[in-house]
Trainee: 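Sharing a structure here in structure tokens format.
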Amino acid sequence: MPADDPAAELIALYDAAGHQVGVAVRGEVYARSLWHASAGVVLRSGDGARVYVHRRSEAKLVMPGMHDCIAGGVVGPGETPEATAVRELGEELGVRDVPLTPLVSESWESGPGPGLGGPDGLRTHLFAFEARWDGPVVHQPSEVSAGWWMPLSELRARLADPGWPFAPDSRVLVETWLGRRAGPWVRS
């Protein structure tokens, strides 16, 4: 991908049922609201009590400047969602060689809105994984402008506020997972 033009990156096209069906440049996918996939990782502390929250760079093509707790990105041509998640965790937060646990997947259509791509918004298949980590976190400045560890109880409270500027695709994944699982997410 050319460093100066993220819209030129090739990404995998999907159909509405979730099958890879082709390839297009990111800018076209967003402009035409084409189905694609993204995958990422919720990074939790080793004891599971905290999650790493970050603020997306203002340079991002979609959802710039919003908070997020999933280090992720679009699935590349021929790439699996898990491979994407591994790659993105390494690129965005500098975390490598950690096992991933699948959390949840959802198909999501954002509808139109500012920072959400073309006239019909984003259409994407979302895949979330979890990793545990107590080591250093190193941001990729073009992707992440700031980050910090947040207690799960605080994340739950912030997500309950629809006005908190949180990436809507990640909100769907995290709220879905929170609703499906008890246990570690319930602890404060």
Side-chain angles (χ1 to χ4, degrees), residues 1 6-30 32-44 48 51-54 56-57 60-63 66-110 115-118 120-133 137 139-140 142-144 147 155 159 166-181 184-185:
M1 167 177 94
E9 177 185 12
L10 290 175
I11 65 175
L13 288 179
Y14 278 67
D15 62 19
H19 303 100
Q20 278 194 33
V21 295
V23 175
V25 295
R26 182 192 295 253
E28 178 185 4
V29 170
Y30 290 170
R32 295 182 47 211
S33 300
L34 300 175
W35 277 102
H36 61 290
S38 65
V41 180
V42 174
L43 186 63
R44 294 178 64 189
V51 65
Y52 198 79
V53 175
H54 64 275
R56 296 165 61 89
S57 161
K60 299 284 279 184
L61 290 176
V62 295
M63 300 172 240
M66 292 189 158
H67 294 94
D68 206 336
C69 71
I70 295 181
V74 295
V75 175
E79 195 173 41
T80 66
E82 185 170 6
T84 299
V86 167
R87 174 176 52 80
E88 291 290 340
L89 182 61
E91 288 175 5
E92 291 185 12
L93 301 181
V95 176
R96 293 175 173 79
D97 301 320
V98 295
L100 300 184
T101 302
L103 291 181
V104 66
S105 63
E106 291 285 328
S107 295
W108 178 68
E109 295 185 68
S110 70
L116 293 173
D120 296 321
L122 293 174
R123 291 184 173 130
T124 185
H125 301 284
L126 306 169
F127 299 89
F129 298 84
E130 175 188 304
R132 301 284 181 109
W133 178 254
V137 174
H139 301 155
Q140 179 182 33
S142 64
E143 302 261 359
V144 177
L155 178 62
L159 286 171
F166 194 83
D169 56 344
S170 293
R171 184 182 292 270
V172 165
L173 285 172
V174 173
E175 289 177 347
T176 298
W177 187 45
L178 290 172
R180 287 187 181 168
R181 278 185 65 155
W185 281 97

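Note: hydrogens, waters and symmetry copies are ignored here, and every other heavy atom, side chains too, is used.
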Trainee: Closest approach of Pro168 and Trp108, non-hydrogen atoms and distance?
Mentor: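 Heavy-atom minimum between the residues: CB-CZ2, 3.8 Å.
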Trainee: Consider ring-ring contact (aromatic ring centres under 6.0 Å, His included). Of His125, His36, His19, which one does Tyr14 pass it with?
Mentor: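 Option passing the ring-ring contact (aromatic ring centres under 6.0 Å, His included) with Tyr14: His125.
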Trainee: Starting at CG of Leu43, measure out to OH of Tyr52 and round the result to the nearest 0.5 Å.
Mentor: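 Here the rounded value is 8.5 Å.
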Trainee: Test side-chain contact (heavy atoms from CB on, under 4.5 Å) on Leu100 and Glu130 and set out the steps.
Mentor: CA-CA 5 Å; Leu100 300 184; Glu130 175 188 304; over 6 Å; no
Trainee: Would Arg171 and Leu159 count as a side-chain contact (heavy atoms from CB on, under 4.5 Å) if you check the C-alpha gap in whole Å, the side-chain angles of each, and the deciding distance to 0.1 Å?
Mentor: CA-CA 7 Å; Arg171 184 182 292 270; Leu159 286 171; 4.0 Å; yes
Trainee: Applying side-chain contact (heavy atoms from CB on, under 4.5 Å) between Val104 and each of Val174, Leu173, Val172, Leu126, report the one that passes.
Mentor: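 Testing Val104 for a side-chain contact (heavy atoms from CB on, under 4.5 Å) against Val174, Leu173, Val172, Leu126 leaves exactly one candidate, Leu173.
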Trainee: Using 0.5 Å steps for rounding, measure from the CG atom of Asp120 to the CZ atom of Arg32.
Mentor: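 Atom-to-atom, Asp120:CG and Arg32:CZ are 11.5 Å apart.
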Trainee: Please name the pair of heavy atoms, one in Ala39 and one in Pro81, separated by the smallest distance, quoted to 0.1 Å.
Mentor: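 Heavy atoms of Ala39 and Pro81 come nearest at CB-O, 3.2 Å.
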Trainee: Can you give me the closest heavy-atom contact between Glu92 and Ala71, atom names plus distance?
Mentor: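 For Glu92 versus Ala71, the nearest heavy atoms are OE1-CA, 3.3 Å.
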Trainee: Looking only at heavy atoms, what is the nearest atom pair of Ile70 and Ala128, with distance?
Mentor: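 Nearest pair, atom of Ile70 first, then Ala128: CD1-CB, 4.4 Å.
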Trainee: So, Gln20 side chain and Glu79 main chain: donor-acceptor pair closer than 3.5 Å or not?
Mentor: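 Yes, Gln20 side chain to Glu79 backbone: donor-acceptor pair under 3.5 Å.
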Trainee: Any idea which heavy atoms bring Asp68 and Ala167 closest together, and the distance?
Mentor: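 Smallest heavy-atom distance, with atoms named: OD2-CB, 3.7 Å.
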Trainee: Please test Val23 against Leu13 for side-chain contact (heavy atoms from CB on, under 4.5 Å), starting from the C-alpha separation and ending with a verdict.
Mentor: CA-CA 5 Å; Val23 175; Leu13 288 179; 5.8 Å; no
Trainee: I need the Arg87 CZ to Thr80 OG1 distance, nearest 0.5 Å.
Mentor: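 Taking CZ in Arg87 and OG1 in Thr80, the distance rounds to 10.0 Å.
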Trainee: Would a distance-only check, ignoring hydrogens and angles, find a side-chain to backbone donor-acceptor pair under 3.5 Å from Ser33 to Val29?
Mentor: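 The answer is no, because no donor-acceptor pair under 3.5 Å joins these two groups.
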Trainee: Give a yes or no on whether the backbone of Ile11 and the side-chain of Arg26 come within a donor-acceptor separation of less than 3.5 Å.
Mentor: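 Here the side-chain-to-backbone pair does not exist.
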Trainee: Do the non-hydrogen side-chain atoms of Leu89 and Val98 ever get within less than 4.5 Å of each other?
Mentor: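 In contact.
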Trainee: Give a yes or no answer on whether the side chain of Arg56 reaches the backbone of Met63 with a donor-acceptor pair at less than 3.5 Å.
Mentor: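 Yes.
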Trainee: Does the side chain of Leu122 reach to within under 4.5 Å of the side chain of Glu109, using non-hydrogen atoms?
Mentor: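 Side chain of Leu122 against side chain of Glu109, heavy atoms only: no contact under 4.5 Å found.
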Trainee: Taking all non-hydrogen atoms of both residues into account, name the closest pair between Ser105 and Phe127 and its distance.
Mentor: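 Distance-wise, the nearest heavy atoms are CB-CD2, 3.6 Å.
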